[in-house]
Protein chains: 2
Amino acid sequence: MKIGKRYTQARKRIFTAIEKMDKPVSAQEIYDYIKQNYEEVDLASIYRNLELMNKSDAVNVILFGEGKKRYELKNKKGHHHHLFCEGCGDIKDIKMKEENLINNVKDSQGFVIKKHNLEFFGLCPNCQ
Amino acid sequence: MKIGKRYTQARKRIFTAIEKMDKPVSAQEIYDYIKQNYEEVDLASIYRNLELMNKSDAVNVILFGEGKKRYELKNKKGHHHHLFCEGCGDIKDIKMKEENLINNVKDSQGFVIKKHNLEFFGLCPNCQ
DNA sequence: TGACATATTGCGAATTATTCGCAATAATGT
DNA sequence: ACATTATTGCGAATAATTCGCAATATGTCA
Ligand SMILES: [Mn+2]
Ligand SMILES: [Mn+2]
Ligand SMILES: [Zn+2]
Ligand SMILES: [Zn+2]
């Protein structure tokens with residue numbers, strides 16, 4: 001939850017928005033959500049804070065190839081991945097044991113693994 | 001290799017470029033590569049063809065969160081994943097057994113898995 | 001081989017996501 | 001309350017990707 005140095009209104013609103021929406025959300029979705037609550041935070045500020053939250057490890061960046069980034073709070077639910085429905089864009093959390101996977105990569109290529117993202121693409125029940 | 005209905009100059013050039021560069025490349029990189037060969041294909045046409053190649057399963061879209069998409073030919077090398085160096089942007093192919101992973105996801109959530117992308121982030125030898 | 005039908009290209013403009021510069025403002029320590 | 005300065009709002013700037021449309025190239029068939 002360490003974002004910047006000051007606990008501002010914008011940060012409270014952004015954090016609360018992501019928490020309440022409870023799924024990987026885009027900057028624009030955060031903006032819209034806040035507005036629904038008759039409050040407002042400039043889009044540029046939302047981007048700046050998401051950047052900070054990412055650097056301070058408060059959020060994960062999730063990519064589905066939509067041409068934009070999505071963000072999700074890191075705490076609460078542990079490490080997990082997602083199912084993205086190519087039909088409707090619905091997103092589902094999935095958990096799985098993956099120690100083997102990770103170990104297979106450690107040290108290979110001489111890389112130091114900082115993190116990894118695993119995304120699955122398919123069709124949800126409604127879209128099949 | 002089935003892209004569109006006609007085997008055009010643009011398609012030959014784009015395909016060859018991706019093949020020769022032999023790594024996940026962006027639309028702009030394809031454009032630049034073709035230009036080096038004293039030939040040219042409009043960027044819009046490159047985007048249109050990458051879209052087609054993706055739909056016809058000739059290329060994979062690979063995302064590293066750089067704010068743009070990368071494409072890689074599907075044939076030749078089998079299914080594999082990548083290591084992306086956050087320091088220099090270097091990309092390495094990696095292979096691994098993952099039958100377990102996939103099986104864990106099949107049927108869960110009632111989703112039909114179409115494909116998945118697994119990306120690792122870290123630092124390559126030069127950047128550590 | 002040459003003309004036709006139309007898939008595809010080039011080009012410029014439009015979109016969308018994200019970033020920047022900077023002056024105004026709000027958060028924190030004294 | 002005051003000063004310091006991190007942060008915001010705003011408008012403009014970028015960067016990636018998409019569109020509309022007239023010009024062109026490709027595959028087909030007479
Ligand atoms: Mn999630
Ligand atoms: Mn590869
Ligand atoms: Zn769906
Ligand atoms: Zn590197």
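Below, chain A is the first sequence line, B the second, and so on; all start at residue 1.
- Ion pairing of Asp57(A) with Lys55(A) is absent here, as no side-chain N (NZ or NE/NH1/NH2) approaches a carboxylate O to less than 4.0 Å.
- Test Lys68(B), Lys69(B), Arg70(B) against Glu66(B) for side-chain hydrogen bond (donor to acceptor under 3.5 Å, both in side chains) and you get one pass: Arg70(B).
- Heavy-atom distances to DNA chain C give each of Leu52(B) and Gly67(B) a nearest nucleotide, and the one nearer the 5′ end belongs to Leu52(B).
- Salt bridge present: Asp22(A) and Lys77(A) bring a charged side-chain N and a carboxylate O closer than 4.0 Å.
- Taking both residues in full, the closest heavy atoms of Ile62(B) and Glu72(B) are given as CD1-OE1, 3.4 Å, listed atom of the first, atom of the second, then distance.
- Taking atom CD of residue Glu66(B) and atom P of nucleotide dT19(C), one finds them 13 Å apart after rounding to whole Å.
- Met53(A) CE to Ile46(A) CD1: the interatomic distance, rounded to the nearest 0.5 Å, is 11.0 Å.
- Of all non-hydrogen atoms in Leu63(A) and Gly65(B), the two that sit nearest each other are CD1-N, 3.1 Å.
- No hydrogens or angles considered: nothing links the side chains of Gln36(A) and Asp32(A) as a donor-acceptor pair under 3.5 Å.
- When each of Ser26(B) and Gln9(B) is assigned the nucleotide of DNA chain D with its nearest heavy atom, Ser26(B) is the one assigned upstream, toward the 5' end.
- Between Arg11(A) and Arg6(A), the shortest heavy-atom contact is NH1-O, 3.0 Å.
- Side-chain atoms of Ser45(A) and Arg48(A) include a donor-acceptor pair closer than 3.5 Å.
- If you take CZ on Phe64(A) and CD1 on Ile91(A), they are separated by 4.5 Å, rounding to the nearest 0.5 Å.
- Atom NZ of Lys5(B) is separated from atom P of dT8(C) by 7 Å (rounded to the nearest Å).
- The nucleotide range of DNA chain D contacted by chain B, defined by atoms under 4.0 angstrom from heavy atoms of the protein and reported 5' to 3', is dA16(D) to dG27(D).
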*Would Tyr31(B) and Lys35(B) count as a side-chain contact (heavy atoms from CB on, under 4.5 Å) if you check the C-alpha gap in whole Å, the side-chain angles of each, and the deciding distance to 0.1 Å?*
CA-CA 6 Å; Tyr31(B) 178 84; Lys35(B) 209 131 193 210; 3.2 Å; yes

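- Of the residues in residues 28-37 of chain A, none lies under 4.0 Å from DNA chain D by heavy-atom distance.
- The separation between Asn49(A) atom CG and dT19(C) atom C1' is 14 Å, rounded to whole Å.
- Against DNA chain D, the stretch residues 38-47 of chain B makes heavy-atom approaches under 4.0 Å through Ala44(B), Tyr47(B).
- In terms of position on DNA chain D, the residue among Arg11(A) and Thr8(B) whose nearest nucleotide sits closer to the 5' end is Arg11(A).
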